[in-house]
> 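Questions regarding the structure given below will be posed in turn.
Computation of the quantities below employed the complete heavy-atom set of this structure, encompassing side-chain atoms and omitting hydrogens, waters and symmetry-equivalent molecules.
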Amino acid sequence: MPELPEVETTLRGVAPYLLGRRIVDVDVRERRLRWPVPKEIDALVGVTVKGASRRAKYLLFDVGRGTVILHLGMSGSLRVSDPDVEWRKHDQLGLRIDSGKELRFHDPRRFGCVLFCKGDPAKHKLIRDLGPEPFAEEFDANYLSAQAKGKKVAIKQLVMNSHVVVGVGNIYACEALFMAGIHPSRAAGRIGRVRLARLVAAIKEVLGQSIEQGGTTLRDFLREDGEPGYFKQSLRVYDREGEPCRECGATVKRIVQTGRSTFYCPKCQR
DNA sequence: AAAACTACCTGAGTGC
DNA sequence: TGCACTCAGGTAGTTT
C-alpha cells in the first residue's frame with residue numbers, strides 16, 4: 001500500500017505524539033514480520049524519542065542509544081490510539097507513550113519490518129545503497145540522464161529502482177510518466193534529456209501534490225488518525241483501465257511490466 | 001553488469 | 001455458501 005507520500009503522511013501524523021516522549025511499555029504480539037522483530041525493540045521501555053525522520057520509505061526513530069527502523073511494506077500502517085481501545089486483528093505491536101497514548105503497528109501481510117540499528121542508520125545495510133531522495137536537488141535531469149544512459153530497461157522500471165531514486169512506487173511511477181508524456185515501456189537510454197527533465201519535474205510534482213492531500217487511499221490506506229488520503233481523486237491513469245484519459249479522452253490501457261500493473265494513455269504517452 | 005525471477009503474507013474480489 | 005483463482009500500494013535476495 002504505502003508509497004512515499006503515505007509514509008511521509010504517516011511520519012507527520014505520528015511525530016508530534018512521539019518527539020520528546022518516553023516509551024513506557026512495549027507489547028510485541030507478532031515477531032514474524034519480514035524479518036523477526038529483534039529483542040532490542042522490547043528493551044525500548046524507558047527510552048525517550050529524540051527524533052523522527054524518513055529515508056526513502058523507511059521511518060527512523062532516534063532513541064539515543066540507537067534508531068528504530070520501521071517499514072510499512074505493502075499493507076502496514078501506524079495508528080495512534082488510546083491504550084484501552086481493543087487491538088485489531090493484525091495489530092502486530094504497540095508502544096505505550098508517557099502521554100498515555102499508544103502507537104500501534106498494523107500489518108496484515110507482514111511485509112513490513114521493525115528493526116533496531118545501533119550505529120548510524122545511514123550506514124545500515126537496508127539504507128546505505130539507496131539512491132537520492134526525489135525532492136533532493138541532486139535528483140535532477142543531469143543525474144537521471146546519467147542513470148538512463150545506455151540502459152535498455154523500461155523507464156518505468158528505472159524510476160522504480162530504489163538504487164536510482166527512492167520513493168517512487170507503482171502508483172506514482174505511472175502518474176509521473178503520464179505527466180511527462182512518456183510511454184512506460186520505452187527503453188530508458190532512448191529518451192532525450194528534455195523529456196527526462198520533464199519526468200524529474202513530474203516525479204517531484206506528483207509526490208508533492210499527494211503529500212499535500214494526505215497520500216492515496218486506494219483500498220485500505222488510512223492515516224494515523226484513521227482518515228483516508230485524498231489523492232485518489234487526482235489520479236490521472238492509475239487504476240483507471242478502460243476509462244477516458246482526462247487530457248485527450250482516449251481509453252486508458254493496462255499492461256503488465258515485471259509482474260506489476262502499469263496504466264497509461266496510449267495517445268498522450270509515446 | 002543488468003535483467004528477470006522468487007520469496008515473503010493476508011484479504012478482497014470474481015467467476016463458477 | 002463455498003471453492004478456486006487472481007490481484008494488491010514493496011523490496012531483498014537469487015538466478016540467468
> Using a cut-off of strictly less than 4.0 Å, decide whether A:Tyr238 has a side-chain nitrogen or oxygen near OP1 or OP2 of C:dG9.
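It does, given that an N or O in the side chain of A:Tyr238 lies less than 4.0 Å from OP1 or OP2 of C:dG9.
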
> Using the ring-ring contact (aromatic ring centres under 6.0 Å, His included) criterion, which residues pair with A:Tyr264? Sequence neighbours excluded.
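Checked A:Tyr264 against ring-ring contact (aromatic ring centres under 6.0 Å, His included); matches are A:His183.
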
> Can you tell me which nucleotide in B:dA3, C:dC7, C:dT11 comes closest to the side chain of A:Ser261?
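Out of B:dA3, C:dC7, C:dT11, the nucleotide with an atom closest to A:Ser261's side chain is C:dC7.
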
> What is the separation between atom CG on A:Asp239 and atom C1' on C:dG9, rounded to the nearest whole Å?
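The distance from CG of A:Asp239 to C1' of C:dG9 comes to 10 Å, rounded to the nearest Å.
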
> Are A:Asp62 and A:Lys50 close enough for a salt bridge, meaning some N to O gap below 4.0 Å?
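No, this pair does not count.
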
> Any side-chain heavy atom of A:Arg260 within less than 4.5 Å of one from A:Thr262?
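Sidechains of A:Thr262 and A:Arg260: no contact.
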
> May I have the distance from A:Asp107 (atom CG) to C:dA8 (atom P), rounded to whole angstrom?
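About 18 Å, once rounded to whole Å.
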
> How far, in whole Å, is C:dC7 from B:dC5 if one measures between their P atoms?
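Nearest-Å result for B:dC5 against C:dC7 at atom P: 16 Å.
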
> Describe the nucleic acid contact of A:Arg32 in one word from base, sugar-phosphate, nothing, applying a heavy-atom distance below 4.0 Å.
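Since no nucleic acid heavy atom lies under 4.0 Å of A:Arg32, the category is nothing.
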
> Got more than 12 heavy atoms from elsewhere within 6.0 Å of NZ, A:Lys267?
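No, because the 6.0 Å sphere around NZ of A:Lys267 holds 12 heavy atoms or fewer from other groups.
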
> Could you state the atom-to-atom distance from CD of A:Glu241 to C1' of C:dC7 in whole Å?
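In whole Å, C:dC7 C1' and A:Glu241 CD are 12 Å from each other.
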
> Check every atom of B:dA3, B:dT10, C:dA12 against the side chain of A:His90 and return the nucleotide holding the closest atom.
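Output: B:dT10.
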
> Atom CG of A:Asn170 to atom P of C:dC7: distance rounded to whole Å?
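These atoms are roughly 14 Å apart.
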
> Does this structure show an ion pair linking A:Asp42 with A:Arg31, if we count only N-O contacts that are shorter than 4.0 Å?
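Answer for the salt bridge query: yes.
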
> Round to the nearest Å and state the distance from A:Glu3 atom CD to C:dT11 atom C1'.
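Nearest whole value for this atom pair: 13 Å.
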
> Are any side-chain N or O atoms of A:Asp107 and backbone N or O atoms of A:Gly112, one a donor and one an acceptor, separated by less than 3.5 Å?
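The answer is yes, because a donor-acceptor pair under 3.5 Å joins these two groups.
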
> Let's see if you can work this out: which of B:dG11, C:dA12, B:dC9 has an atom nearest to the side-chain heavy atoms of A:Arg109?
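The closest nucleotide is B:dC9.
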
> Output the single nucleotide from C:dT11, B:dA3, B:dG11 whose closest atom is nearest the side chain of A:Val153.
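Nearest listed nucleotide: B:dA3.
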
> With a 4.0 Å cut-off on N to O distance, would you call A:Arg55 and A:Glu133 a salt bridge?
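Result for this pair is yes, salt bridge flagged.
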
> In this structure, how many angstroms lie between the C1' atom of C:dT11 and the CZ atom of A:Arg55, rounded?
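Nearest whole value for this atom pair: 15 Å.
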
> Write down the distance between CD1 (A:Ile171) and P (C:dT11), rounded to a whole number of angstrom.
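In whole Å, C:dT11 P lies 13 Å from A:Ile171 CD1.
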
> Can you check whether A:Leu33's main-chain N or O pairs, donor with acceptor, with A:Gln92's side chain at less than 3.5 Å?
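No, A:Gln92 side chain to A:Leu33 backbone: no donor-acceptor pair under 3.5 Å.
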
> Between B:dG11, B:dA4, C:dG9, which one does the side chain of A:Lys89 approach most closely?
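The listed nucleotide nearest to A:Lys89's side chain is B:dG11.
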
> So if I take every side-chain heavy atom of A:Arg254 and compare against C:dG9, B:dA4, C:dA8, which nucleotide ends up nearest?
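So the side chain of A:Arg254 is nearest to C:dA8.
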
> Write out a two-atom table: protein N or O, nucleotide N or O from nucleotides 13-16 of chain C, distance below 3.5 Å.
residue : atom : partner  : partner atom : Å
C:dG13  : OP1  : A:Lys125 : NZ           : 3.3

> Expressed in angstrom and rounded to an integer, what is the separation of A:Met160 atom CE from B:dA2 atom P?
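After rounding, the gap between these two atoms is 19 Å.
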
> B:dC9, C:dG10, C:dC7: which one has an atom nearest the side-chain heavy atoms of A:His71?
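For A:His71, the side-chain atoms sit closest to C:dG10.
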
> Let me have DNA chain C in dot-bracket notation, would you? Count Watson-Crick plus G-U wobble pairs, both distances under 3.5 Å, and use [ ] for pairs crossing earlier ones and | for inter-strand partners.
.|||||||.|||||||

> Test side-chain contact (heavy atoms from CB on, under 4.5 Å) on A:Glu3 and A:Leu207 and set out the steps.
CA-CA 9 Å; A:Glu3 294 198 34; A:Leu207 293 175; 5.5 Å; no

